[in-house]
Participant: 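Quick one: the structure is below, questions incoming.
Here is how names work: the chains are called A, B, and so on, in the same order as the sequence lines, proteins then strands, and each is numbered from 1. Since we're looking at a predicted model, the values are computed, not measured.
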There are 2 protein chains.
Amino acid sequence: MASESSPPAGPSSPATPRRRPTIREVARRAGVSHQTVSRHLKGDTTVNEQLAATIQDAIEALDYRPNLVARAMRNHRTGRLAVLLPPGSAISSLEILSGAKEIADAGEYVLEVVTVSGSAEMRDRRALELRDSRLFEGVLALTSLSDLPQPDDGRVPLVTMPLYDEAMRGIGALASAGPEHEIISRLAELGHRRFLHLAGNYAHAGAMRRRDMYLQTIEELGLESAGVVDCGWDGDAARRAVADLPADSGITAIIAANDILATAAVSGAVRRGWNVPEELSITGWDDTRVAAVTTPSMTTVAVHHAELGRRLMRHLLDVVASRRRGADDASDPAPSPLEDDWRLAEVIWRESTGPAPQTPPAR
Amino acid sequence: MASESSPPAGPSSPATPRRRPTIREVARRAGVSHQTVSRHLKGDTTVNEQLAATIQDAIEALDYRPNLVARAMRNHRTGRLAVLLPPGSAISSLEILSGAKEIADAGEYVLEVVTVSGSAEMRDRRALELRDSRLFEGVLALTSLSDLPQPDDGRVPLVTMPLYDEAMRGIGALASAGPEHEIISRLAELGHRRFLHLAGNYAHAGAMRRRDMYLQTIEELGLESAGVVDCGWDGDAARRAVADLPADSGITAIIAANDILATAAVSGAVRRGWNVPEELSITGWDDTRVAAVTTPSMTTVAVHHAELGRRLMRHLLDVVASRRRGADDASDPAPSPLEDDWRLAEVIWRESTGPAPQTPPAR
DNA sequence: TTGAAAGCGCTAACAA
DNA sequence: TTGTTAGCGCTTTCAA
């Protein structure tokens with residue numbers, strides 16, 4: 001350690017120095033104080049132009065680049081935010097991320113995506129570690145955390161919007177099934193009376209909520225349900241469910257829990273010689289990119305994940321900014337990101353749905 | 001600012017201290033030296049059990065959590081890696097990322113995804129800034145960068161594997177079109193002679209390469225091409241292309257540049273009353289999740305993005321580890337991540353392809 | 001406009 | 001087993 005600032009005399013003494021240049025080496029080479037170099041780096045215009053040029057030369061000659069860790073240690077600004085996700089990588093979370101990233105980029109922030117796993121207690125601890133690590137200016141948690149205390153002692157904001165449980169299954173806003181109600185109501189208006197639901201994997205809150213919403217809406221509107229088939233996101237199961245339907249089931253509409261099940265259901269129907277939507281209406285969920293071009297094109301629900309990510313990130317940036325301004329507790333309460341009338345999800349009507357057939361079942 | 005270390009006398013003097021507790025406060029409260037606290041934090045077992053308990057109490061009482069920036073400054077370990085991407089978010093990049101993340105997690109590393117934009121020069125600069133920022137122990141660049149110098153002076157490794165151009169369009173390994181050759185060869189074996197290609201947006205290297213590979217293979221095998229239709233990823237264009245085909249075109253196989261175009265092509269064929277694959281074989285690319293359940297299910301190409309991410313990250317971790325071991329230049333050259341016979345992409349044969357019809361065209 | 005001194009919070013090295 | 005000292009590389013005082 002002691003011999004480090006002078007040329008190393010060890011056996012592996014190379015031509016290039018083994019240590020990275022610091023602001024002091026730059027200063028020495030430019031014949032100024034390290035402080036002046038610091039000012040120059042900061043873009044301080046009070047630095048003499050001549051000197052600035054000399055310093056710049058030294059920087060380039062030494063291939064100097066600032067140590068951001070040291071800088072962060074002094075000025076408490078890192079330009080970084082952390083996003084907490086549960087392990088696994090549902091495509092929806094990646095879309096949320098890309099929306100969040102977009103906003104963070106615009107705010108000159110860099111995002112760090114951190115996976116937090118383990119028990120609720122461990123996740124809480126990890127979240128607090130990150131919040132207080134001084135590596136970040138803010139933390140956005142998309143995992144479910146306990147209601148953690150947020151002391152006003154210079155700690156950085158931790159914004160929580162639980163979207164996923166520990167197994168990366170959508171909860172909260174993501175699991176909302178409102179559009180299901182809209183779909184069934186509209187189909188009822190089109191004359192449909194008897195429905196079937198192809199359910200997803202109930203481990204996902206969304207699948208559960210869609211099933212519940214299905215049953216609730218059927219009851220609310222006085223319609224009939226021929227049942228709920230648990231497909232667990234398995235397309236084959238959905239295809240078989242339709243293939244095995246009794247000819248006189250009287251079903252004229254199938255509500256599938258996602259586009260894969262819906263597409264598979266179409267496949268099952270077509271193989272039986274049923275026309276969609278003339279004899280059977282089918283709906284999906286997710287608005288996958290293929291859904292627009294299948295035969296027939298699929299009525300489905302688009303979930304605006306990226307926009308959700310944008311909103312969450314905007315909210316975090318608001319909070320970070322207001323904290324930085326030293327806003328006292330109640331002064332500037334950034335609004336919840338989902339409070340206005342924005343719709344997270346939206347029904348996309350396409351060819352796979354139509355009026356109920358005149359003569360219902362018996363094919 | 002000056003009044004921070006003593007109790008603030010200002011108007012907003014709260015009950016909670018305005019400053020975060022440090023290791024020294026913990027030490028004071030526990031009646032030990034800050035060094036002992038540091039040791040305890042490190043899990044050093046030489047610390048007296050009684051003392052350890054006292055220290056732990058103090059930590060909890062003060063709600064202390066270590067400043068990772070300060071720690072990194074001393075020990076030069078941050079446990080973080082950076083991944084560089086161009087702005088935008090191709091779905092493939094998200095898959096690569098999730099594979100990379102998986103490996104990073106296993107190695108106790110946290111990933112930071114950094115977007116680098118601007119000119120080639122600016123991107124190079126930003127990459128070097130990050131490499132030398134001391135915030136990361138390694139950098140994985142998926143963007144195209146110049147051939148940057150990698151001095152042996154304690155700088156952290158920067159591994160480059162250009163997969164995307166500045167506009168987030170796949171290049172390099174991602175744009176490889178090898179499987180196209182396999183598809184066409186097999187279809188030729190099945191008796192197909194006359195082909196049509198539905199091309200994507202040529203701004204994407206992948207679309208370009210697939211078209212080139214199509215033309216090259218057709219020529220190589222002495223087959224006929226009825227042409228290349230530029231669809232630019234637009235499903236409607238693909239559907240129209242098939243819908244508008246002359247009845248006597250003689251085409252028995254369509255090679256589409258992705259699953260959307262392929263699915264749309266099926267739609268166009270079905271609307272004309274052509275059966276797929278009995279009268280027309282159609283292939284896609286991407287193996288989207290829906291491709292397995294469309295009617296008919298789609299022959300396509302699965303690109304193993306997540307595995308690519310895993311391999312790249314393994315490679316980076318290898319390099320990081322060997323550097324840390326102080327490996328001199330040539331000692332332990334971590335192998336290139338893509339050198340072995342692993343196939344990035346794979347043809348998935350499904351129902352949309354079959355033998356050429358006995359009596360070719362004239363429908 | 002520039003320089004000197006102090007210190008951010010932590011850990012490595014040494015001393016006790 | 002514990003404490004003391006030094007210093008990581010930078011920026012913020014404050015003085016010249």
Participant: Filter on salt bridge (charged side-chain N to carboxylate O under 4.0 Å, His left out), then keep only pairs touching residues 106-118 of chain B, sequence neighbours left out; what's left?
Facilitator: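 The answer is A:Arg80-B:Glu112.
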Participant: Using residues 47-54 of chain B as the side-chain source, report each donor-acceptor pair under 3.5 Å to any protein atom, sequence neighbours left out, with the distance given to one decimal.
Facilitator:
unit_1	atom_1	unit_2	atom_2	d
B:Asn48	OD1	B:Gln50	N	2.6
B:Asn48	OD1	B:Leu51	N	3.2
B:Thr54	OG1	B:Gln50	O	2.9

Participant: Of all of residues 25-33 of chain B, which get a heavy atom below 4.0 angstrom from DNA chain C, listed by number?
Facilitator: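 Here the set is empty: none.
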Participant: Does the A:Arg20 side chain pair with the main chain of B:Asp132, one donor and one acceptor, at a distance under 3.5 Å?
Facilitator: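 Yes, A:Arg20 side chain to B:Asp132 backbone: donor-acceptor pair under 3.5 Å.
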Participant: Just wondering, do B:Tyr64 and B:Val37 contact through their side chains at under 4.5 Å, heavy atoms?
Facilitator: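 No, their side chains stay 4.5 Å or more apart.
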Participant: Please check this pair: side chain of B:Tyr164 against backbone of B:Ser93, looking for a donor-acceptor N/O pair closer than 3.5 Å.
Facilitator: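 Present.
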Participant: Locate the shortest heavy-atom distance separating B:Phe136 from B:Thr78; write the atom from each residue and the value.
Facilitator: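 Taking every non-hydrogen atom into account, CA-OG1, 3.8 Å.
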Participant: If you look at every strand shown and take non-hydrogen atoms under 4.0 Å, does A:Val47 touch a base, only sugar-phosphate, or nothing?
Facilitator: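 Sugar-phosphate, backbone atoms only, no base.
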Participant: I'd like to know if the side chain of A:Glu95 pairs up with that of A:Ser98 as donor and acceptor (distance under 3.5 Å, no hydrogens or angles considered).
Facilitator: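 Looking only at side-chain atoms, A:Ser98 and A:Glu95 do not form any donor-acceptor pair under 3.5 Å.
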Participant: Do the non-hydrogen side-chain atoms of A:Val159 and A:Leu312 ever get within less than 4.5 Å of each other?
Facilitator: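 In short, these two side chains do not touch, never coming nearer than 4.5 Å.
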Participant: List, with names and distances, any nitrogen or oxygen atoms from the protein found under 3.5 Å away from nitrogen or oxygen atoms belonging to nucleotides 9-11 of chain D.
Facilitator:
unit_1	atom_1	unit_2	atom_2	d
D:dG9	OP1	A:Arg19	NH2	3.1
D:dC10	OP1	A:Tyr64	OH	2.4
D:dC10	OP1	A:Asn67	N	3.2
D:dC10	OP2	A:Ile23	N	2.6
D:dC10	N4	A:Arg24	NH2	2.6
D:dT11	OP1	A:Arg71	NE	2.7
D:dT11	OP2	A:Ser38	OG	2.7
D:dT11	O4	A:His34	NE2	3.1

Participant: With sequence neighbours left out, what residues match B:Val113 under side-chain contact (heavy atoms from CB on, under 4.5 Å)?
Facilitator: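 For B:Val113 the side-chain contact (heavy atoms from CB on, under 4.5 Å) partners, ignoring immediate neighbours, are A:Lys101, B:Leu85, B:Leu97.
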Participant: For the helix from C:dT1-D:dA16 to C:dA16-D:dT1, measure the angle between the helix axis at one end and the axis at the other, each built from five pairs, rounding to 10°.
Facilitator: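 That helix has its two terminal axes inclined by roughly 40°.
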Participant: So do A:Ile103 and A:Leu316 actually touch side chain to side chain, heavy atoms under 4.5 Å?
Facilitator: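 The answer is no; the side chains never approach within 4.5 Å.
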Participant: What is the distance from CD of A:Glu49 to C1' of C:dT2, rounded to the nearest Å?
Facilitator: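 Answer to the nearest Å: 16 Å.
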